[in-house]
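For ligands, and for the atoms within them, numbers begin at 1 and follow the listed sequence.
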Amino acid sequence: MSGRVVRPDRDGLRRAVELLRRDSVVAFPTETVYGLGAHAFSAAAVAEVYRLKNRPSWNPLIVHVPSVPAARSLAADWPAVADELAARFWPGPLTLVVRRAPHLGDVGRTAAGTIAIRIPAHEVALNLLKASGLPLAAPSANRSESVSPTTARHVVQSLPDVPLVLDGGPCAWGIESTVLDVTSSPLRLLRPGALGLRALRDAAGPIALPDHDFGDDAARSSPGMSRRHYAPRAAVVLARNAGDRTLTGPVGTLAYEGADGPNREVLSADPREYAADLYAALHRLDDAGVATIVVQEPPDTEDWLAIRDRLRRAAAAPVDHAHN
Ligand code: TXA
Ligand code: MG
């Protein structure tokens, strides 16, 4: 693999910190997916993230920090529920949207005056945060709209110009963090993700879900929830729609039952295990050269919420972002 993929040992971390201090970017593993890290409050560093990812400028970045006090220092207020959730789930795959501290300046400022923060549960990510001493903005380390990376190799495939990747092996969760807005009551789910709703409700009470289907309207409150996202190169078609379409071959299949076969990926029927392998399976089908992926949709239950969300977005037709 490329020389830019390095072990996260002392030397690898030193190189990563040097790049971050020079306002460059570094990809690193988290427990969810690989992130493309940059000094969160450096205009040059953040601009480089948007350029490399080809990310639309309206979509704000999550800031990663190593501790709860570091998180609080970025917030204008820190509600009691944020403390409870942080105590229960951090480090871990939960991103909290809070009101942004006024002293932070303009870089990364959102119209709503909020900031999204999390403490990642990965030793390499935490080592990098501590060694650099910087809050790290880190969106998933892939081109905008494409499948998030769960290995170092996926990062290099999607972002061939990335200066450095710390290789921490495959990500344990394999799906992005759950994004929760704690500025309102009831709390609002902005993006379903690795941390399930049941666990969140147990800790924090009722949670409002977006009105309908995380569609285009929801994109207003959570800018990153645009309709098409997480898409492989192949066209993704949900099985229930496959009959109405002329499918371009070769056709691959993504299922959760039955046996593996040529161009047929069968993932676990357990949602946590399914999520852990989903993006890798989409990458494998792309690498196999299929033109269409027909997806057996998992059950319509809350346990599958985040996965069904990603599959629907992967299946959405390409949109023209010129108006955004
Ligand atoms: O698991 C994860 O969250 C990964 C790893 C690397 O930490 N990161 C990630 O980042 O998925 P990204 O940029 O791909 O997704 C961040 C999501 C987007 O949907 C974005 O719109 C939303 O969080 N977001 C960021 N700041 C926000 C804010 N102030 N208010 C509402 N949504 C925000
Ligand atoms: Mg992403």
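- Counted by atom type alone, Arg188 and Thr183 present zero donor-acceptor pairs between their side chains at under 3.5 Å.
- Side-chain polar atoms of Arg72 and Ser67 form no donor-acceptor pair below 3.5 angstrom.
- Under a 4.0 Å heavy-atom criterion, Arg100 is not in contact with ligand 1.
- Using a 4.0 Å cut-off between charged nitrogen and carboxylate oxygen, Arg7 and Asp9 count as a salt-bridge pair.
- Only backbone heavy atoms of Ala138 (N, CA, C or O) come within less than 4.0 Å of ligand 1; its side chain stays farther off.
- A salt bridge links Arg153 to Asp287: one of the charged nitrogens lies within less than 4.0 Å of a carboxylate oxygen.
- Only the side chain of Leu190 comes within 4.0 Å of ligand 1, counting heavy atoms alone; its backbone N, CA, C and O stay farther away.
- Residue contacts with ligand 1: Asn59 is placed with a nitrogen or oxygen under 3.5 Å of a nitrogen or oxygen of the ligand (distance criterion only).
- For Arg264, the CZ atom counts as densely surrounded, since its 6.0 Å shell holds more than 12 non-hydrogen atoms of other residues, nucleotides or ligands.
- Proximity to Ser177 (heavy-atom distance under 4.0 Å) selects the following atoms of ligand 1: 1 (O), 2 (C), 3 (O).
- By the criterion of a heavy-atom distance under 4.0 Å, the side chain of Arg191, and not its backbone, is placed next to ligand 1.
- Side-chain polar atoms of Gln296 and Thr253 form no donor-acceptor pair below 3.5 angstrom.
- Residue Thr114 touches ligand 1 through backbone and side chain together, judged by heavy-atom distances below 4.0 Å.
- A salt bridge is absent between Arg100 and Asp77: the closest approach of a Lys/Arg side-chain nitrogen to an acidic carboxylate oxygen does not fall below 4.0 angstrom.
- Within the coordination shell of the Mg ion (ligand 2), defined by N, O or S atoms under 2.8 Å, Tyr230 is absent.
- Heavy-atom contacts of Gly35 reach the following atoms of ligand 1: 6 (C) (cutoff under 4.0 Å).
- Under 4.0 Å from ligand 1, not a single heavy atom of His122 appears.
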